[in-house]
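Step one of this worksheet: look at the structure below.
Just so we're on the same page: letters track the sequence lines, and every chain starts at 1. Given the structure is predicted, the values throughout are model-derived calculations rather than measurements.
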There are 2 protein chains.
Amino acid sequence: MSKSTPATIEDVARLAEVSIATVSRAIHTPEKVAKETRLKVTQAIAITGYTTNAMARSLRLGRSNMILVVAPDIGDPNFSNILVGLENEARSHGYGVLIGHTQNDPQRGLEYLKFLNSNQAAGMILFTGILPFGHQTMTARLPPSVGVFEPVYNGGIPYVGVDDAAGARKAIDLLIAEGHRRIAFIGESRTRLAHARRKAGYEDGLSAARLELDPRLVMPGDGTIESGRLAVEQLFMRDTLPSAFMCVNDQTAIGVMLALTARGYSIPGDFSVTGFDDVPQASFMNPTLTTIRQPRTAIGKQAMALLFKLLQDEKPEETEILLAPDLVVRNSVGGSARAAEALTHGHRRRHPLCARCRADGSLL
Amino acid sequence: MSKSTPATIEDVARLAEVSIATVSRAIHTPEKVAKETRLKVTQAIAITGYTTNAMARSLRLGRSNMILVVAPDIGDPNFSNILVGLENEARSHGYGVLIGHTQNDPQRGLEYLKFLNSNQAAGMILFTGILPFGHQTMTARLPPSVGVFEPVYNGGIPYVGVDDAAGARKAIDLLIAEGHRRIAFIGESRTRLAHARRKAGYEDGLSAARLELDPRLVMPGDGTIESGRLAVEQLFMRDTLPSAFMCVNDQTAIGVMLALTARGYSIPGDFSVTGFDDVPQASFMNPTLTTIRQPRTAIGKQAMALLFKLLQDEKPEETEILLAPDLVVRNSVGGSARAAEALTHGHRRRHPLCARCRADGSLL
DNA sequence: AGGAGTGATGTAAAGGTTTACATTCACGTC
DNA sequence: GACGTGAATGTAAACCTTTACATCACTCCT
């Protein structure tokens, strides 16, 4: 008969010949119950196979043991490893992880908001640069939340991620060390904080090397493959080209490389390219991509840990935790002292769209 | 004052001047409530911003609105898109998706079992070939479950996935059409059902073309990159090589290609390779990988739909739903009529480990 | 010896919902 | 005009915990 319906605390109490209050105490505050009684209860639990009914517990406590993780796109290659870190840490606290993807649709964001309002989640992890709900006044109702991977634009929400500026700095330092002087930054954005920070690293690197920033080499982009492609096309339209492309992320770098190879250029022979993130594909591309590694699992773990601090009402001392990025050197960056010198117009081969090339046909 | 604490059904009832029972009915069985009353309730809900407390509801109903998705590895490239399909379908039924990854550790599997026993999940999706819990007798207690991507070995659990045999058949038919006669199968496994089915497709294809299966060309493997690498090394040890490698999945194919290129062979010039799954990397490799595409999002969607059928106590008419696979032709397969004919020993270049090559040094 | 203090346990309320059962009312039928 | 029928609504129990408060039995102090 105990098979059909799960054992309740009452079954345990009856078997251990104590009251249900004692059973509850034996579980949650064992020090308040006599050793002997504790033993009886433990045995009764083992016999009945009792597990606390999480629903009843959450109802009573007014707080669930779930954390909602919201991402615009679950398929994002950066997402899964962060999720691993999040899940591990949550589970070690006895919490479960609920996932939601908004596909950047505010309507869907609102549906998840309902999850929160109905007490189904005690806290929230945001894997997105902006709050996924339209501008509801409900902001006041938001449970403790932590942003990961990209700072949350609307502010006020603590954030755990990589040190974007430091990472970008490592990339540009490498390019400069390899002899590059004309380095483009692909993927400027006013609304994406991570982009802005990476660009800051780019600027720092240039000025540390006493190189002047050529604003014509700074291209906007939203971090998609397409944006990388587009940036290259536009640079080719104009009459100067860089010898290296520092991309705001790996997706952008993929787009840049596709555009360059489509035009018949070789990497790193003709141009060097760097990315940011170290997505799984980075080591399978041709050439393999030199990039900045995100400590993804660590980000997830720390973000969840911070969230638990918030849940315990501890005001966090820091509102932002920045992890150290690593430079991963692969094959998309070449020593280009020669390339840089051989260049006249900023590119190496003659190409039809460049006005100067057409003017003097001399360039190979 | 309604700000501090979420509105309850009682607040709504008071405002609408009805009993809480009527409010509940107005929400869940509106046809049982007079039109006029229904209107009053609807307005009261809008004013108070009431949302049903999911905890209380689940407690009362004895069933939650969560589905647990268990995977050995969240980071699996196949996982994320399936998850998208699962999540979309679940949410459209008002259910949330809870995720767990076991890392193939039965201990962790058991922790999730507790989730189930405590009524936190109404059903389960298994993204794994074997039940993630040790051999507990608890099997009887398992909630409605559906396997995805790989049939569940322990049996009895309905399954939604791609038609492995048909997919494999498409791959081998392509290879045969391209002129290959000696085709290896890399990744045989006794415990993994998906592997067995793909091998069955391989066998069918061979016999349909009246080709004899050479058992020396069937290599075991667990579907990892390393297993692909190892298989190639072992084939090189022996004195016959295939002209094409049909791999049980993309990971294996990656391993095979790495091993072949490390030995200086070109693909598809010297050897052809096919994969299975069409993981995201497949289109970024060099050469890009010809493979079989998994309809991942569709698998997720249909699996979740099937699970909801089970939850509604409908005995499912079919215990297995197989989706049609697509062949994705890329660059890792070459017309190898010439290669096949030029071969003496089954490989094209002379290589030091082959006894025959060493014996007659003639082969280029 | 009486009482304060302490430690262990029990009693009962509360948390928000759903729903079986009871009640009320209006209507139509004989 | 009494009564059965059916629709609309209300009452109250049940789901399973947690915990404030009450109770009880000690020990120790004065």
Side-chain angles (χ1 to χ4, degrees), chain A residues 2 4-42 44-45 48-66 94 114-120 122, chain B residues 2 4-42 44-45 48-66 94 114-120 122:
Chain A
S2 73
S4 60
T5 212
T8 75
I9 201 172
E10 217 150 344
D11 299 330
V12 177
R14 206 174 312 122
L15 191 60
E17 298 177 305
V18 295
S19 76
I20 60 169
T22 303
V23 174
S24 180
R25 276 189 288 255
I27 294 171
H28 300 290
T29 51
E31 71 279 5
K32 286 192 181 172
V33 68
K35 197 188 254 179
E36 196 187 347
T37 320
R38 206 158 53 205
L39 190 68
K40 278 196 298 184
V41 172
T42 318
I45 289 178
T48 54
Y50 170 74
T51 359
T52 320
N53 180 317
M55 293 316 167
R57 175 159 221 263
S58 298
L59 174 59
R60 179 61 233 249
L61 261 40
R63 160 174 52 89
S64 88
N65 62 149
M66 295 282 152
K114 275 186 192 152
F115 260 131
L116 297 172
N117 282 344
S118 63
N119 272 328
Q120 293 217 66
Chain B
S2 73
S4 61
T5 212
T8 75
I9 201 172
E10 218 150 343
D11 299 330
V12 177
R14 205 174 314 126
L15 192 59
E17 297 177 304
V18 296
S19 75
I20 60 169
T22 303
V23 175
S24 179
R25 274 189 288 255
I27 294 171
H28 301 290
T29 51
E31 71 279 5
K32 289 191 180 173
V33 160
K35 197 188 256 179
E36 197 187 347
T37 320
R38 206 157 53 206
L39 190 68
K40 279 195 297 179
V41 172
T42 318
I45 288 178
T48 54
Y50 169 75
T51 359
T52 316
N53 180 317
M55 294 314 167
R57 173 159 222 262
S58 300
L59 173 60
R60 179 61 234 248
L61 262 40
R63 160 174 52 89
S64 87
N65 62 148
M66 296 283 151
K114 276 187 190 152
F115 261 130
L116 297 172
N117 282 343
S118 63
N119 271 328
Q120 293 217 67

Identify every side-chain donor-acceptor pair in residues 50-57 of chain B under 3.5 Å, counting partners at least two apart or on other chains, and give the distances.
{"residue": "B/Asn53", "atom": "OD1", "partner": "B/Met55", "partner atom": "N", "Å": "2.8"}
{"residue": "B/Asn53", "atom": "OD1", "partner": "B/Ala56", "partner atom": "N", "Å": "3.1"}
{"residue": "B/Arg57", "atom": "NH2", "partner": "B/His28", "partner atom": "ND1", "Å": "3.2"}

For A/Arg60, side chain to side chain contact (heavy atoms under 4.5 Å, CB included) partners two or more places apart
none
For DNA chain C, what residues of residues 50-62 of chain A have any heavy atom nearer than 4.0 Å?
A/Ala56, A/Leu59, A/Arg60
Tell me which pairs pass salt bridge (charged side-chain N to carboxylate O under 4.0 Å, His left out) where either residue lies in residues 6-26 of chain B, with sequence neighbours left out.
B/Asp11-B/Arg14
Length of the line joining A/Arg63:CZ and C/dA14:P, which is rounded to integer Å:
21 Å
Shorter than 3.5 Å, N or O on both sides, protein versus nucleotides 21-28 of chain D: list them out with atom names.
none

Name the nucleic acid region contacted by A/Thr8, choosing base, sugar-phosphate or nothing; use a 4.0 angstrom heavy-atom cut-off, strictly under.
sugar-phosphate
Look at A/Ser19 and C/dT9 and indicate whether a side-chain polar atom (N or O) is within less than 4.0 Å of OP1 or OP2.
no
For B/Glu10 and C/dG15, give me the distance from atom CD to atom C1', rounded to whole Å.
11 Å
Among residues at least two apart in sequence or on other chains, which ones pass side chain to side chain contact (heavy atoms under 4.5 Å, CB included) with A/Ala44?
A/Val12, A/Leu15, A/Ala16
Touch check for B/Ser24, heavy atoms < 4.0 angstrom, all strands: base, sugar-phosphate only, or nothing?
base
Identify, between B/Glu17 and A/Ile9, the residue whose nearest nucleotide on DNA chain D lies closer to the 5' end.
B/Glu17
Mind calculating the distance between CG (A/Leu39) and P (C/dA8) to the nearest angstrom?
15 Å
Between A/Thr22 and C/dT9, is there a contact of a side-chain N or O with OP1 or OP2 at under 4.0 Å?
no
Could you tell me whether the side chain of A/Val18 reaches within less than 4.5 Å of the side chain of A/Val33, counting heavy atoms only?
no
Got a sec, which residues hit side chain to side chain donor-acceptor pair (under 3.5 Å) with B/Ser58, two or more places apart in sequence or on another chain?
none
Run the side chain to side chain donor-acceptor pair (under 3.5 Å) test against B/Thr42 and tell me which residues pass, sequence neighbours left out.
none
Strictly below 4.0 Å, heavy-atom distances to any atom of DNA chain D: list the hits from residues 28-37 of chain B, or just say none.
B/Val33, B/Ala34, B/Thr37
Could you state the interatomic distance from CD1 (B/Ile27) to CD1 (B/Ile9), rounded to the nearest 0.5 Å?
5.5 Å
A/Gln120 CD to B/Met66 CE distance, which is reported to the nearest 0.5 Å
3.5 Å
Just wondering, are more than 12 heavy atoms of other shown residues or ligands nearer than 6.0 Å to CZ in A/Arg38?
yes
Side chain to side chain donor-acceptor pair (under 3.5 Å) involving A/Thr22 - partner list, sequence neighbours excluded:
A/Ser19
Which whole-number value in Å describes the distance from A/Ile20 CD1 to D/dC16 C1'?
8 Å
